[in-house]
Amino acid sequence: ESPSIPDVTISGTNSTGASLVATGSTVSNLITGTSSFSLKAKSGDKITIVATKLGHTCSVTGDSIKPVLTDVTNLTIVCTPLQFSLKVTISGLIGSTSVALTNGTDSLTSGNSTAAKTLSALVSYGVTYNALVSTQPIGQTCTIANGNGTMATSDITLSVSCVPNNYTVGGTASGNT
């Protein structure tokens with residue numbers, strides 16, 4: 001009769017809400033959104049723990065998981081939000097005028113070009129953005145479609161549309177007889 005292989009416990013903290021998948025020849029567990037976790041495996045098993053969370057890069061820190069020979073109790077899940085760009089397309093800009101946009105402290109001036117541009121500061125997944133036209137071009141009014149919202153899991157394109165201002169000229173003509 002062969003001796004039984006002892007169980008080991010793998011445990012740690014997960015305050016990120018990430019889903020954890022532990023795999024090995026003696027374990028396959030999905031652990032979701034708990035502040036702590038614990039699972040059993042057989043001594044000598046090679047265990048891999050993968051952490052996933054939408055819009056984030058996650059890693060498992062602590063003892064590296066090789067063949068587990070003793071209890072592992074210091075694993076910590078760390079997740080960092082992914083960051084994406086606010087891209088800008090501009091239409092209707094006339095002549096040598098330019099339009100200035102801001103998103104918080106980040107700003108962009110178009111120059112007299114309607115070429116696609118990108119605000120320099122990246123925005124983290126799940127964070128709100130609120131892009132505004134901070135300086136209108138001379139003789140035109142520009143508006144932004146998709147100017148505010150919550151950053152998704154990819155770059156977002158803001159559409160700036162500029163139209164000529166209409167002016168009313170009034171007065172009285174005199175001197176005609």
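Throughout, numbering of the chain's residues begins at 1 and tracks the sequence. All values below come from the heavy atoms of this structure, side chains included, with hydrogens, waters and symmetry mates left out.
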### Query
In Å and rounded to the nearest 0.5 Å, what is the OG1 to CG distance from T89 to L158?
8.0 Å
### Query
Taking the side chain from T157 and the backbone from K87, do they hold a donor-acceptor pair closer than 3.5 Å?
no
### Query
Just by distance, do the side chain of N165 and the backbone of T141 share a donor-acceptor pair under 3.5 Å?
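Checking the backbone N and O of T141 against the side chain of N165, a donor-acceptor pair under 3.5 Å is found.
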### Task
Nearest 0.5 Å please: distance from the CG atom of L101 over to the OG1 atom of T109.
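Going from the CG atom of L101 to the OG1 atom of T109 covers 8.0 Å.
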### Task
Indicate, with yes or no, if L82 and I156 share a hydrophobic cluster defined by side-chain heavy-atom contacts under 4.5 Å among Ile, Leu, Val, Met, Phe, Trp and Tyr.
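Yes; tracing contacts between hydrophobic side chains, which count when under 4.5 Å, links both residues.
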### Query
What heavy-atom pair brings I94 and T97 nearest, and what distance separates the two atoms?
O-OG1, 2.8 Å
### Message
Quick check for you: to the nearest 0.5 Å, what is the distance between L93 atom CG and C142 atom SG?
### Response
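Taking CG in L93 and SG in C142, the distance rounds to 6.0 Å.
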## Note on the structure
Looking only at heavy atoms, the pair that brings S85 and M151 closest together is O-CE, 4.1 Å
### Query
Hey, quick one: are V160 and I138 part of the same hydrophobic cluster, counting side-chain heavy atoms closer than 4.5 Å, chains of contacts allowed?
no
### Message
Please find the pair of heavy atoms, one from K117 and one from S110, that lie closest to each other, and give the distance.
### Response
CE-O, 3.0 Å
### Message
Rounded at 0.5 Å granularity, tell me how far OH in Y125 sits from OG1 in T150.
### Response
9.5 Å
### Task
For the pair T153 (side chain) and G55 (backbone), establish whether a donor and an acceptor sit closer than 3.5 Å, ignoring hydrogens and angles.
no
### Message
How long is the straight-line distance from CG of N103 back to CD1 of I144, given to the nearest 0.5 Å?
### Response
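So the CD1 of I144 and the CG of N103 are separated by 9.0 Å.
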### Task
Measure across Q140 and G92 and return the closest heavy-atom pair with its distance rounded to 0.1 Å.
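Looks like NE2-O, 2.7 Å.
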### Task
Taking all heavy atoms of A51 and all of C58, pick out the closest pair and write down the distance.
O-CB, 3.4 Å
### Task
Evaluate the criterion side-chain contact (heavy atoms from CB on, under 4.5 Å) for residue pair N130 and T128; output intermediate values, then yes/no.
CA-CA 7 Å; N130 186 25; T128 58; over 6 Å; no
### Message
Under 4.5 Å between side-chain heavy atoms, counting indirect links through other Ile/Leu/Val/Met/Phe/Trp/Tyr residues: same cluster for L132 and L86 or not?
### Response
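No, separate clusters.
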### Message
Which heavy atom of S107 sits nearest to which heavy atom of L119, and what is that distance?
### Response
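Answer, listing the atom of S107 first, then L119: C-CD2, 3.9 Å.
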### Query
Out of curiosity, F84 CZ to L122 CG, how far, rounded to the nearest 0.5 Å?
9.5 Å
#### Entry: side-chain contact (heavy atoms from CB on, under 4.5 Å), paired with V60, selected from V50, V78, L75, T76
L75
